[in-house]
Amino acid sequence: MREDTAQEQGLDLEPPVRMEEEKEVMEEMEVEERVVEIEHPLPCLSESDTQGIIKGRDLFGYVGIEAVLDQMRRKTMKAGFEFNIMVVGQSGLGKSTLVNTLFKSKVSRKSCTPNYEEQISKTVHLQSVSHIIEEKGVKMKLTVIDTPGFGDQINNENCWEPIVQYVNEQYEKYLKEELNVNRKKRIPDSRVHGCVYFLPATGHWLRPIDVEFMRRLGKIVSIVPVIAKADTLTLEERLEFKQRIRQDLQANGIRVYPQKEYDEDAEDRILNDKIRENIPFAVVGTDKEHQVNGNKVLGRKTKWGIIEVENVAHCEFAHLRDLLIRSHLQDLKDVTHNIHYETYRVKRLNESNANGLALSPLTLENGTLEKSDAESHL
């Protein structure tokens, strides 16, 4: 009875032992399979592959994402925005008239200065005038910076230096406001967003002063060259003059707006290529209206007829207006902030890191220091 009991007990013990052995073998096989999987991993999906595009037809209903544009529009209309434009050229090229024509109001320094007398300045003095322009509920603070005295002297050597200094000073003001511990909610923007450079309608090549100015200023601000008083040239002379200017710009490595390297996509490239084909713009400015076929148009009356300023068959003022205001105004501001100001900011911060924590005094392009902090208008 005891042996039978023992055998029965032995028989009862064998199955659990075998099950444990089989379990250990199965676990070892699973470990080997896991090792094989680790040694030969399956290709993983990248992050970009896992992101899907959900379009309107895939949504269950109206979400309201497009309302963000209305929110941005309301905020912009309440706060308004700033646009600072500089006009550079010798006296008598119609800078004030063209600015008034662009914004269809008396915004130039000459127009809004009472008892203004035209005087040739002995040196270049930059003067600015600001206006609040409102159109259909949108407010814009427009600042026009004039450069009286530029190119009016017999010796115009280094006449661009005050302009370079002014542009850099505005970058410096913005940088110092940005670095303040308790900075303003909205930093006042006095940076130059665009510079319209006036070329006399000589019909020849660029003058040395034109080449030197645009070569230097093109590195720190967006320059748009224009041929002033283009009605003094015939259409054939204007076309030849534009071709010569483009050749000069390319030969001297002068960068004018819009630059090809700033084109963000194919659509921008197509639009900007058309603009680049018309640079420099041959423009005519006037603030007087005339009757043409029963309609009032801005134009200049001559003994040959009326030159319609906004007619592209007569001049290229409309192309310049569209570039500066209607199509590229925000892009001009973006290029100023993201390219020109960013380049200046990196340079200044690298200088401050090399010299210590504090910003060193602002230097001009030729390496000379400012005279004093009081004279820098910072």
Side-chain angles (χ1 to χ4, degrees), residues 81-89 93-105 107-108 133 135 138 140-146 167 189 191-199 201 210 213-214 217-218 220-231 238-239 241-243 245-246 249-250 254-287 298 308-340:
F81 62 96
E82 298 155 318
F83 185 59
N84 308 317
I85 184 171
M86 175 184 285
V87 289
V88 182
L93 292 182
K95 300 187 297 295
S96 299
T97 303
L98 185 68
V99 171
N100 292 340
T101 311
L102 276 172
F103 298 98
K104 295 188 176 180
S105 55
V107 295
S108 67
I133 300 178
E135 184 180 37
V138 180
M140 178 180 73
K141 181 183 178 182
L142 172 69
T143 300
V144 180
I145 303 106
D146 197 2
V167 173
D189 191 1
R191 298 170 297 181
V192 180
H193 300 130
C195 173
V196 181
Y197 186 72
F198 288 71
L199 300 167
D210 302 327
F213 175 85
M214 288 191 286
L217 267 292
I220 61 175
V221 72
S222 297
I223 293 182
V224 180
V226 300
I227 301 173
K229 296 185 176 181
D231 53 328
R238 189 175 80 183
L239 182 61
F241 189 34
K242 286 163 66 75
Q243 291 175 347
I245 292 175
R246 283 196 289 267
L249 294 175
Q250 185 175 3
I254 297 173
R255 306 172 63 189
V256 297
Y257 182 84
Q259 292 94 324
K260 289 185 178 180
E261 56 268 29
Y262 300 158
D263 296 341
E264 295 183 356
D265 51 36
E267 185 179 354
D268 286 347
R269 191 177 302 111
I270 293 173
L271 175 61
N272 291 339
D273 282 342
K274 293 180 180 179
I275 295 172
R276 285 186 277 264
E277 290 175 359
N278 291 320
I279 287 179
F281 298 108
V283 298
V284 176
T286 184
D287 52 4
L298 287 172
E308 300 177 31
V309 170
E310 296 178 306
N311 188 340
V312 293
H314 293 184
C315 74
E316 296 172 337
F317 169 82
H319 296 320
L320 174 66
R321 178 201 58 204
D322 292 347
L323 174 68
L324 293 178
I325 303 173
R326 299 187 181 182
S327 64
H328 284 66
L329 188 149
Q330 185 58 47
D331 188 66
L332 281 165
K333 298 184 66 175
D334 292 341
V335 169
T336 299
H337 182 77
N338 299 327
I339 306 296
H340 298 304

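Computed from a predicted model, the values in this text were never measured in an experiment. In this chain, residues are counted from 1 in sequence order. Every heavy atom of this structure was used, including side-chain atoms; hydrogens, water molecules and symmetry mates were not.
Within the 4.5 Å cutoff, side-chain heavy atoms of Ile275 are placed close to those of Pro258. Within the 4.5 Å cutoff, side-chain heavy atoms of Asp268 are placed close to those of Asp265. A heavy-atom distance below 4.5 Å is not found between the side chains of Lys333 and Thr336. Residues Phe83 and Ile325 have side chains not in contact (no heavy-atom distance under 4.5 Å, counting atoms from C-beta outward). Residues Leu324 and Leu332 form a side-chain contact, since some pair of their non-hydrogen atoms from C-beta on lies under 4.5 Å apart. Residues Leu98 and Ser108 are not in side-chain contact: their nearest non-hydrogen atoms beyond the backbone lie 4.5 Å or more apart. Looking only at side-chain heavy atoms (C-beta outward), Leu142 and Val144 come within less than 4.5 Å of each other. Side chains of Phe81 and Leu329 form a contact here, defined as non-hydrogen atoms less than 4.5 Å apart.
Within the model, atoms NZ of Lys229 and CG of Leu93 stand 7.0 Å from one another, a figure rounded to the nearest 0.5 Å. Here the CG atom belonging to Leu217 is positioned 11.0 Å from the OG atom belonging to Ser222, to the nearest 0.5 angstrom.
Between Ile223 and Pro225, the shortest heavy-atom distance links the atoms O-CD, 3.8 Å. The two atoms that bring Arg246 and Ile279 nearest to each other are NH1-O, 2.9 Å, heavy atoms only. Across all non-hydrogen atoms, the minimal contact from Asp146 to Lys95 is OD1-CE, 3.6 Å. Across all their heavy atoms, Gly94 and Phe198 have their closest contact at O-CE2, 4.1 Å. Shortest non-hydrogen contact noted between Met214 and Ile254 is CB-CG2, 3.6 Å. Taking each heavy atom of Ala201 and Phe241 in turn, the nearest pair found is CA-CE2, 4.0 Å.
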Notebook entry, point to check: Given the rule in the side chain to side chain contact (heavy atoms under 4.5 Å, CB included) test, do Leu102 and Val196 qualify, once you have shown the distances and angles that lead to the verdict?
Noted result: CA-CA 12 Å; Leu102 276 172; Val196 181; 5.6 Å; no
Check: Could you go step by step and tell me if His340 and Val167 meet the side chain to side chain contact (heavy atoms under 4.5 Å, CB included) rule?
Finding: CA-CA 10 Å; His340 298 304; Val167 173; over 6 Å; no
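Arg255 is linked by a salt bridge (charged side-chain N to carboxylate O under 4.0 Å, His left out) to Glu261, counting only residues two or more places apart in sequence or in another chain. Remark: Gln250 engages no residue in a side-chain contact (heavy atoms from CB on, under 4.5 Å) (not counting sequence neighbours). Residues forming a side chain to side chain donor-acceptor pair (under 3.5 Å) with Asn278 (at least two apart in sequence, or on another chain): none. In this structure Asn272 satisfies the side chain to side chain donor-acceptor pair (under 3.5 Å) test together with Asp263, His328, sequence neighbours excluded. Applying the side-chain contact (heavy atoms from CB on, under 4.5 Å) rule to Ile339 yields the partners Tyr262, Val335; only residues at least two apart in sequence or on another chain are considered.
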Distance-only donor-acceptor pairs under 3.5 Å for side chains of residues 315-322, two or more places apart:
unit_1: Glu316; atom_1: OE1; unit_2: Lys242; atom_2: NZ; d: 3.0
unit_1: Glu316; atom_1: OE1; unit_2: Ala282; atom_2: N; d: 2.8
unit_1: Arg321; atom_1: NH1; unit_2: Glu310; atom_2: OE2; d: 2.9

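Formation of a donor-acceptor pair under 3.5 Å by the His314 side chain with backbone atoms of Val309 is not found in this model. Under a 3.5 Å cut-off, the side chain of Asp287 and the backbone N or O of Thr101 do not form any donor-acceptor pair.
Around atom CD of Gln243, more than 12 heavy atoms belonging to other residues, nucleotides or ligands sit under 6.0 Å away.
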